[in-house]
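Being a predicted model, the structure only gives us computed values, none of them experimental. A, B, ... follow the sequence lines: proteins, then strands. Residue 1 opens every chain.
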Number of protein chains: 2
Amino acid sequence: MAELGVEARRREILTAALALADERGLDALSMRAVAARVGVTPMALYPYVGNKDALLDGLVDLMLAELLPAAGTPGAWDVRLRAIAHAGRALAHRHPAAYPLLLSRPAVTPDAVRLVDALYRALLDAGVPAAQVPRLERLVSTYVLGYAIGEITGRFAPADPRRHARATAAGGAAPAHQELSGVLAQPPDWDTEFTAGLDDLLHVITSHAHAHATRGVPAEQAAAARPATTRDRPIRGSASR
Amino acid sequence: MAELGVEARRREILTAALALADERGLDALSMRAVAARVGVTPMALYPYVGNKDALLDGLVDLMLAELLPAAGTPGAWDVRLRAIAHAGRALAHRHPAAYPLLLSRPAVTPDAVRLVDALYRALLDAGVPAAQVPRLERLVSTYVLGYAIGEITGRFAPADPRRHARATAAGGAAPAHQELSGVLAQPPDWDTEFTAGLDDLLHVITSHAHAHATRGVPAEQAAAARPATTRDRPIRGSASR
DNA sequence: ACCTGAACACCGTTCAAGT
DNA sequence: ACCTGAACACCGTTCAAGT
């Protein structure tokens with residue numbers, strides 16, 4: 001009972017911290033401000049969150065927990081992979097200030113492992129050889145995180161005319177910009193671009209997949225539908241539960 | 001003369017700040033610490049760097065300046081693109097603490113534009129249609145930045161046995177991890193993996209290229225080697241200088 | 001068991017002042 | 001023209017103390 005209370009209080013504190021980051025940015029996320037929002041003295045936070053660094057790790061946990069339901073999406077491997085990717089990007093829009101923490105902190109919490117596991121599963125179901133699965137998982141998650149962060153931090157943003165102006169002002173120093181002035185004049189649609197990049201990565205994945213393994217359904221169903229001899233390696237556990 | 005002195009002093013301050021970040025991390029990068037390293041009072045920095053935020057932008061500038069020579073690499077489009085990508089990753093290893101700033105600040109300085117221009121040029125030379133060039137440039141630069149940051153911040157890192165242990169401890173919650181336990185047991189070579197991902201992106205690029213445009217040499221030579229009728233759009237300026 | 005209050009060693013930045 | 005010093009409003013975190 002007391003233990004449960006501690007966990008609940010911890011979540012209460014982390015939720016307040018994430019809300020504060022959402023509303024006023026990472027710079028405004030001080031232990032003192034979080035404490036004030038929870039209605040307590042700064043020192044009262046320490047037994048629950050350790051210190052500020054651990055509090056930031058806690059925010060990562062909280063965001064991963066929000067993302068996790070996407071890992072349960074049913075359907076073909078590419079449907080599942082797309083769902084997780086789009087959920088990952090949507091998370092960035094919901095928590096633009098805290099989101100970059102995902103890229104800078106090791107993903108070793110149970111929820112992070114579960115999420116990675118769902119991506120591993122999708123890649124395995126796509127027919128990717130085991131040796132390539134972790135690498136392609138990192139390729140996809142790097143894309144999702146990097147793209148979303150580029151978007152929210154404004155790295156891609158200079159859709160305002162000033163960048164274009166500056167680029168052409170550079171003149172001979174930026175000839176390719178001049179050659180592309182037509183397409184650079186119209187700002188891109190970031191939703192469309194994200195999906196296009198994801199499509200490109202899906203092609204990369206299928207290009208690495210075994211020729212015979214074009215199964216697009218979850219492992220159990222695929223295993224049931226295929227003759228056992230098409231399995232390239234023994235599957236240990238979990239297939240029937 | 002006085003103007004030049006100001007620029008030189010600014011660079012001196014930024015160089016000291018970058019060195020400080022390299023040696024003691026971003027958290028240790030205070031205005032006071034930079035000032036002490038330069039041998040001056042904190043307030044003396046302000047006329048040169050504006051404020052702390054602008055100082056961080058200055059570090060981005062400094063890193064881009066280090067990266068820029070890679071944009072001058074000669075050779076075929078893919079050679080040039082690879083050179084820039086590998087230089088971008090090498091930069092991360094040289095400045096692990098400051099590097100993530102590249103992902104979080106808009107790239108609108110002249111050096112940034114020059115770098116993007118070199119990537120645009122490589123993609124154009126690859127035969128990518130103009131409409132796809134900016135998107136694929138963002139795909140490539142997102143990969144380089146995201147991968148390098150994942151590497152230096154330890155997001156990929158749990159090559160230590162603990163992650164694997166934790167994943168398998170999760171048991172039924174991480175079945176794909178179990179299925180992959182063989183490949184997950186051996187830590188990846190990050191150099192090789194970076195290159196493999198880059199190869200994948202090069203394939204994406206060529207898959208988007210015009211069928212006839214497999215030119216692998218800089219624009220001027222390619223333009224000279226091909227009949228003018230194969231050009232899909234008029235090239236404005238720069239081609240002959 | 002849970003929280004508070006005072007204190008310490010830091011921050012970034014302002015302002016008025018020095019030479 | 002270039003820099004300093006004192007001051008202000010903040011930080012994260014410690015410690016001893018309250019109830």
Side-chain angles (χ1 to χ4, degrees), chain A residues 1-62 97-98 100-101 104-106 153, chain B residues 1-62 97-98 100-101 104-106 153:
Chain A
M1 209 61 156
E3 283 301 307
L4 270 176
V6 165
E7 249 324 299
R9 192 104 174 95
R10 176 182 155 82
R11 262 216 313 282
E12 194 183 340
I13 291 167
L14 291 177
T15 304
L18 186 55
L20 193 62
D22 291 344
E23 290 166 22
R24 305 189 17 221
L26 256 200
D27 286 348
L29 188 74
S30 67
M31 295 298 277
R32 291 166 134 102
V34 173
R37 186 180 254 259
V38 174
V40 98
T41 260
M43 286 313 101
L45 304 178
Y46 282 77
Y48 301 97
V49 299
N51 58 24
K52 180 153 190 200
D53 227 59
L55 178 136
L56 295 180
D57 285 335
L59 295 191
V60 169
D61 276 7
L62 216 56
L101 296 172
S104 57
R105 278 150 201 274
T153 62
Chain B
M1 208 62 155
E3 284 300 309
L4 270 177
V6 165
E7 248 324 300
R9 191 104 176 94
R10 176 183 154 80
R11 264 217 312 281
E12 194 183 339
I13 291 167
L14 291 176
T15 304
L18 186 54
L20 193 62
D22 292 343
E23 290 166 22
R24 306 189 15 222
L26 257 200
D27 286 349
L29 188 74
S30 66
M31 296 297 278
R32 291 166 134 103
V34 173
R37 188 179 252 259
V38 174
V40 97
T41 261
M43 286 312 102
L45 304 179
Y46 282 77
Y48 301 97
V49 298
N51 58 24
K52 179 151 189 202
D53 227 59
L55 179 136
L56 296 179
D57 285 335
L59 295 190
V60 170
D61 276 7
L62 217 57
L101 296 171
S104 57
R105 278 150 202 274
T153 61

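If you take CE of M43(A) and P of dA17(D), they are 17 Å apart, rounded to a whole angstrom. Note: CG (D53(B)) to C1' (dC11(C)) measures 15 Å, nearest angstrom. Distance L55(B) CG to dT13(C) C1': 14 Å, rounded to the nearest Å. Counting to the nearest Å, the P atom of dC10(C) and the CG atom of N51(A) are 18 Å from each other. Atoms CZ (R9(B)) and C1' (dC2(D)) sit 9 Å apart, rounded to a whole Å. Across the protein-nucleic acid pair, L45(B) atom CG and dC3(D) atom P stand 9 Å apart, rounded to whole Å. Per the geometry, NZ belonging to K52(B) stands 12 Å off C1' belonging to dC11(D), to the nearest Å.
Distances shown here put every side-chain N or O of T41(B) at or beyond 4.0 Å from the OP1 or OP2 atom of dC3(D).
Nearest to the side-chain atoms of V40(A) among the listed nucleotides dC3(C), dT4(D), dC3(D) stands dC3(C). In this structure, of dT13(D), dC11(C), dC2(D), it is dT13(D) that holds the atom nearest to the side chain of Y46(A). In this structure, the nucleotide among dC3(D), dG12(C), dG12(D) sitting nearest to the side chain of M31(A) is dG12(D). Listed nucleotides: dC2(C), dC11(D), dT13(C). Nearest to the side chain of R32(A): dC11(D). Here dC2(D) is the nucleotide among dT13(D), dC2(D), dT4(C) with the atom lying nearest to any side-chain atom of Y48(B).
dC10(D): no Watson-Crick or G-U partner with both key distances under 3.5 Å is found in any strand. In this structure dC15(D) sits in a base pair with dG5(C), meeting the Watson-Crick or G-U test at under 3.5 Å.
Surrounding CZ of R11(B) are at most 12 heavy atoms belonging to other residues, nucleotides or ligands under 6.0 Å away.
Judged by distance alone, the side chain of R32(A) and the main-chain N or O of P42(A) form no donor-acceptor pair under 3.5 Å.
Heavy atoms only, all atoms of each residue included: M31(B) and L55(B) are closest at SD-CD1, 4.3 Å. Summarising the geometry of A17(B) relative to V34(B), their closest heavy-atom pair is CB-CG2, 3.9 Å, with the distance given to 0.1 Å.
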Just do the side chain to side chain contact (heavy atoms under 4.5 Å, CB included) check on R105(B) and D53(B) with the steps written out, would you?
CA-CA 10 Å; R105(B) 278 150 202 274; D53(B) 227 59; 3.7 Å; yes

